[in-house]
S.K.: 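Quick one: the structure is below, questions incoming.
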Amino acid sequence: MLIDTHAHLNFNGYKGDFEEVIKRTLENNVWMINIGTQYDTSKKAVEIAQNYPQGVYASIGLHPIHLETGLVKIKNDTEEIEVKTREEEFDYEKYKNLAKSKKMVAIGEIGLDYYYKPKTKRKLELFKKKQRSVLCQQLKLAKELNLPVIFHCRIAHQDLIEVLNSKFKIQNSKITGVIHCFTGTWEQAGQYLEMGLYLGFNGIIFKLNLDEIIKKTPLERILIETDCPYLTPPPMVGRNEPFYVRYIAERIAKVKNLSFQDLSKITTENAKRLFTRLNFHVY
Ligand SMILES: [Zn+2]
């Protein structure tokens with residue numbers, strides 16, 4: 001059994017067939033957590049999860065690229081055209097309401113993303129301040145609900161580490177979580193691991209060489225994910241899906257010099273340890 005700890009079947013790219021994708025995923029003994037990035041996609045992730053007694057879970061959060069900053073452009077879910085994102089203010093109570101579902105296992109993906117940034121120094125300061133503020137509000141929600149956090153971080157590790165070390169004193173608080181799609185340095189990885197966090201790896205390990213980091217990361221802190229529909233791992237092509245998490249597991253097993261079975265067992269245990277609600281059975 002495997003768990004894809006970061007999927008987006010709640011996105012438009014699966015609008016017509018997410019039920020079929022889920023069916024073949026579960027048939028292959030793979031569970032998944034669908035991750036929200038805004039209120040709409042969070043709600044959708046929860047709604048999908050509610051329809052399955054086991055194996056399909058949700059996470060809710062407002063991703064930093066969807067904040068109301070007036071400058072962000074991202075790629076559409078499936079097509080290679082640039083579209084302006086729908087921007088959103090974080091509404092604490094609205095998100096808290098979604099968390100009533102027992103199939104909701106985490107807060108995220110939330111964090112910092114400096115990939116698209118304003119050009120002037122003053123605007124850049126405001127932009128970073130806003131991201132930090134919304135992140136902190138959501139960390140507060142995670143603490144209130146006693147839920148783990150799925151962090152997204154792009155070109156902003158130093159600032160994220162600072163937030164986690166100062167504002168939230170993560171070691172002494174109840175905040176636990178994973179740095180999803182980790183691509184930082186070993187030094188940064190070490191700091192996250194010291195805080196008790198997990199590192200999530202996906203198809204990006206076939207594009208960037210993260211072998212040294214994977215080798216050094218303790219096995220019990222590794223989570224596997226697809227980030228589908230993005231980052232399709234070879235040999236597959238086209239739209240990614242949760243079942244392909246097996247190719248991530250195969251690759252990490254190879255780097256760690258373990259059997260596929262052992263790696264699967266350990267990473268599944270890791271996911272169930274971090275996301276405690278995966279252990280609930282809801283009928
Ligand atoms: Zn994602």
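Position 1 is the first residue of the sequence; numbering continues from there. Because the structure is predicted, anything quoted here is derived from the model rather than measured. Just so you know, ligand 1 is whichever comes first in the structure, and atom 1 is the first atom listed for that ligand.
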S.K.: So, of the N/O/S atoms that D227 has, which is the nearest one to the Zn ion (ligand 1)?
M.R.: OD1
S.K.: Given side chain to side chain contact (heavy atoms under 4.5 Å, CB included), test V30 with I3 step by step and report yes or no.
M.R.: CA-CA 5 Å; V30 175; I3 302 181; over 6 Å; no
S.K.: May I ask you to check whether H8 brings an N, O or S atom to under 2.8 Å from the Zn ion (ligand 1)?
M.R.: yes
S.K.: When you check the gap from the basic side-chain N to the acidic O, do D17 and R239 get nearer than 4.0 Å?
M.R.: yes
S.K.: Do K215 and W186 form a cation-pi contact, if we require the NZ or CZ to be under 6.0 Å from the six-membered ring centre and within 45 degrees of the ring's axis?
M.R.: no
S.K.: Rounded to the nearest 10°, what angle sits at the Zn ion (ligand 1) between OE2 of E109 and NE2 of H6?
M.R.: 90°
S.K.: Under the 6.0 Å and 45° cation-pi test, does R132 pair with F127?
M.R.: no
